[in-house]
Amino acid sequence: QVQLVESGGGLVQPGGSLRLSCAASGFTVSRNAMRWYRQAPGKERALVASIGSLGGTFYADSVKGRFTISRDNVKNTVYLQMNSLKPEDTAVYYCQTSTTSGAYWGQGTQVTVSS
């Protein structure tokens, strides 16, 4: 059974950092593209970053140079390191993947950037 469990969200001041984790089970993260999305209040869910099975990465323009996606194949976990956070980064962040059995989402973790 595929499961994705996010953690690491919280309240941080502008300019601060957070690291989100997505612990996966039921499949191997190194064999699947893994994605981080976010959804701010009143806005549609948007892709933030992704990492492919071969390690290639993608970042939305709004987070380039500030966010880094990575994975730990031993822990079967994907991370999103977020630096230089801005108030506009405030959102619920979701981990997502697609396997042969369908698309899966985590429950989300809230990130709030505020002074």
Side-chain angles (χ1 to χ4, degrees):
Q1 181 180 0
V2 173
Q3 280 193 319
L4 300 169
V5 179
E6 300 100 333
S7 62
L11 173 63
V12 63
Q13 292 186 342
S17 298
L18 283 174
R19 188 178 78 157
L20 306 184
S21 300
C22 173
S25 58
F27 72 102
T28 303
V29 297
S30 62
R31 297 179 183 175
N32 285 71
M34 299 296 299
R35 304 172 187 90
W36 284 99
Y37 284 79
R38 68 184 180 187
Q39 187 166 21
K43 295 188 176 181
E44 293 187 354
R45 196 170 295 189
L47 179 64
V48 175
S50 67
I51 183 166
S53 57
L54 299 180
T57 57
F58 164 84
Y59 297 95
D61 287 344
S62 57
V63 307
K64 276 182 184 175
R66 301 188 297 122
F67 290 12
T68 303
I69 189 171
S70 63
R71 66 183 178 218
D72 184 326
N73 295 338
V74 174
K75 294 182 178 180
N76 211 38
T77 298
V78 176
Y79 302 98
L80 185 67
Q81 177 67 44
M82 307 186 295
N83 298 328
S84 302
L85 282 161
K86 305 175 182 179
E88 51 263 44
D89 294 318
T90 295
V92 178
Y93 285 71
Y94 298 90
C95 182
Q96 191 271 341
T97 194
S98 297
T99 72
T100 55
S101 58
Y104 297 89
W105 295 83
Q107 82 287 354
T109 185
Q110 175 71 47
V111 171
T112 302
V113 184
S114 175
S115 55

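Residue numbers run from 1 in the order of the sequence given.
- No single ILVMFWY cluster, assembled from side-chain heavy atoms under 4.5 Å apart, contains both Val92 and Val111.
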Apply the test side-chain hydrogen bond (donor to acceptor under 3.5 Å, both in side chains) to residues Thr112 and Ser114: give CA-CA distance (whole Å), side-chain angles for both, the deciding distance (0.1 Å), then the verdict. CA-CA 6 Å; Thr112 302; Ser114 175; over 6 Å; no
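- Screening Val29, Thr77, Leu80 for a side chain to side chain contact (heavy atoms under 4.5 Å, CB included) with Met34, the sole residue that qualifies is Val29.
- Taking the side chain as every heavy atom from C-beta outward, Cys95 and Trp36 approach each other to under 4.5 Å.
- Contact of the Leu85 side chain with the Gln13 side chain is not registered, since no non-hydrogen atoms from C-beta on lie closer than 4.5 Å.
- Counting heavy atoms from C-beta on, the side chains of Tyr79 and Ile51 never come closer than 4.5 Å.
- Contact of the Arg45 side chain with the Trp105 side chain is registered, since non-hydrogen atoms from C-beta on lie closer than 4.5 Å.
- When every heavy atom of Lys75 is checked against every heavy atom of Asp72, the shortest pair comes out as N-OD1, 3.0 Å.
- Within the structure, every pair that satisfies the salt bridge (charged side-chain N to carboxylate O under 4.0 Å, His left out) test and touches residues 78-97, not counting sequence neighbours, is listed here: Arg38-Asp89, Arg66-Asp89.
- Side-chain contact check for Leu4 versus Tyr94: every heavy-atom pair is 4.5 Å or farther apart.
- The nearest pair of heavy atoms linking Ser84 to Ser17 is N-OG, 4.3 Å.
- Inter-residue side-chain proximity for Thr68 and Tyr59 is flagged as met; some heavy-atom pair is nearer than 4.5 Å.
- Between Phe27 and Asn76 the shortest heavy-atom distance is O-ND2, 2.8 Å.
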Run the side chain to side chain contact (heavy atoms under 4.5 Å, CB included) check on Tyr104 and Ser98 step by step: do they pass? CA-CA 6 Å; Tyr104 297 89; Ser98 297; over 6 Å; no
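- Considering CD of Gln81 and OG of Ser21, their distance stands at 9.5 Å, rounded to 0.5 Å.
- Between Phe67 and Tyr93, the ring planes lie tilted relative to each other; the angle falls in the 30° to 60° range.
- Leu20 has its side chain out of reach of Glu6: every pair of non-hydrogen atoms, C-beta onward, lies at least 4.5 Å apart.
- Side-chain N or O atoms of Arg35 include none that pairs as donor or acceptor with a backbone N or O of Val48 at under 3.5 Å.
- No side-chain donor-acceptor contact under 3.5 Å links Thr28 and Ser30.
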Start with the C-alpha distance between Gln110 and Thr90, add both sets of side-chain angles, then the distance that settles side chain to side chain contact (heavy atoms under 4.5 Å, CB included), and finish with yes or no. CA-CA 8 Å; Gln110 175 71 47; Thr90 295; 4.0 Å; yes
